[in-house]
Amino acid sequence: MTVQLRFFSSLKTLLKKSEEELRLEFPQSARSIFEGLFDDKELAARLLRSTRCAINCEYVSEETVVKHGDELAFIPPVSGG
Amino acid sequence: MIQITENKIDVAAVLGHVASAKAGGTVFFVGTVREEGDLKGLQYDVYPEMARREMEKLVGEARRQWPLESVAVVHRVGWVPLGEASVAIAVSSAHRKEAYAASRFLIDRIKEVVPIWKEGGGHCECHGEARP
């Protein structure tokens with residue numbers, strides 16, 4: 001199955017990309033996908049504490065398991081206004 | 001009216017949008033990029049599809065919570081030069097109390113949940129948060 005990933009703001013800068021199509025062999029949670037993006041697991045854990053996850057434009061818990069065709073976005077602390 | 005735009009916000013048009021003969025009070029909030037050192041402006045990143053949906057939800061919540069006549073919310077993204085509006089919120093209601101409450105609710109919640117980001121350093125708008 002494939003999942004579309006989207007990155008914004010500081011995460012876009014850090015990962016040097018704004019999106020990625022990810023192929024998964026088996027269903028995974030948003031959290032495990034996020035952790036898989038980083039070699040440095042401590043960094044991933046630290047970032048995850050301030051990052052929210054959204055599937056198809058709805059905030060979800062990081063434990064939510066993605067489905068085929070989902071768009072999974074990682075949302076750093078927002079600062080609009 | 002709910003809008004996310006890369007263009008300069010026409011603040012008079014946002015205010016005009018909520019004009020109503022049934023409204024006894026209109027509250028208008030404009031957030032602007034303010035002077036801070038040699039800051040020339042701020043770059044805003046956005047998740048456009050989700051930001052729009054979150055703004056629609058917030059306006060829906062405000063309408064359920066208070067009896068409002070009309071609501072307009074416009075957020076600018078991309079590059080916003082010093083002194084120009086980054087956000088404009090107009091709320092009209094029969095009575096001022098509800099319009100004030102809804103306006104405050106909208107700007108506070110926008111800053112908490114709508115996926116829009118100020119890039120880089122600098123201060124902006126009324127609350128004066130700094131980003132490292």
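Each chain gets a letter, A, B and so on, in the order its sequence line appears, and its residues count up from 1.
- In the hydrophobic clustering (ILVMFWY side chains linked at under 4.5 Å, chained through shared members), B/Y100 is joined by B/V27.
- For B/K111 (side chain) and A/G81 (main-chain N/O), no donor-acceptor pair under 3.5 Å exists by modelled atom type.
- In terms of hydrophobic clustering, with Ile, Leu, Val, Met, Phe, Trp and Tyr side chains grouped at heavy-atom distances under 4.5 Å, B/L39 and B/V87 are assigned to a common cluster.
- Both A/M1 and A/L72 are members of a single hydrophobic cluster when ILVMFWY side chains are connected at heavy-atom separations under 4.5 Å.
- Using a 4.5 Å heavy-atom cutoff, the side chains of A/R6 and B/E49 are in contact.
- In terms of hydrophobic clustering, with Ile, Leu, Val, Met, Phe, Trp and Tyr side chains grouped at heavy-atom distances under 4.5 Å, A/F7 and B/V114 are assigned to different clusters.
- B/I4 and B/V33 fall within the same hydrophobic cluster, where Ile, Leu, Val, Met, Phe, Trp and Tyr residues are linked whenever their side-chain heavy atoms come under 4.5 Å apart, directly or through other members.
- Checking side-chain atoms of B/W117 against main-chain N and O of A/P77 turns up a donor-acceptor pair under 3.5 Å.
- B/Y44 contributes no side-chain N or O that, together with a main-chain N or O of A/S79, makes up a donor-acceptor pair within less than 3.5 Å.
- Neither the backbone nor the side chain of B/Q43 comes within contact range of chain A; no heavy atoms are under 4.5 Å apart.
- Proximity to chain B among residues 18-33 of chain A is not found for any residue, judged by heavy-atom separations below 4.5 angstrom.
- Under a hydrophobic clustering in which Ile, Leu, Val, Met, Phe, Trp and Tyr are joined whenever their side-chain heavy atoms come within less than 4.5 Å, directly or via other members, B/V46 and A/Y59 fall into the same cluster.
- For the atom pair B/E54 CD and A/I75 CD1, the distance stands at 8.5 Å (nearest 0.5 Å).
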For residues 37-45 of chain A, dump all side-chain donor-acceptor pairs below 3.5 Å to protein atoms at least two apart in sequence or in another chain.
residue: A/D40; atom: OD1; partner: A/E42; partner atom: N; Å: 3.1
residue: A/D40; atom: OD1; partner: A/L43; partner atom: N; Å: 3.0
residue: A/K41; atom: NZ; partner: A/E35; partner atom: O; Å: 2.8
residue: A/K41; atom: NZ; partner: A/F38; partner atom: O; Å: 2.6

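- Judged purely by atom type and a 3.5 angstrom limit, B/D45 has no side-chain atom pairing as donor or acceptor with the backbone of A/F8.
- Counting heavy atoms from C-beta on, the side chains of B/M50 and A/E58 never come closer than 4.5 Å.
- With respect to chain B, the highest number of heavy-atom pairs below 4.5 Å among A/A73, A/P76, A/C57 belongs to A/C57.
- Listed by sequence position, B/K57, B/H75 are the residues of residues 57-81 of chain B in contact with chain A, using a 4.5 angstrom heavy-atom cutoff.
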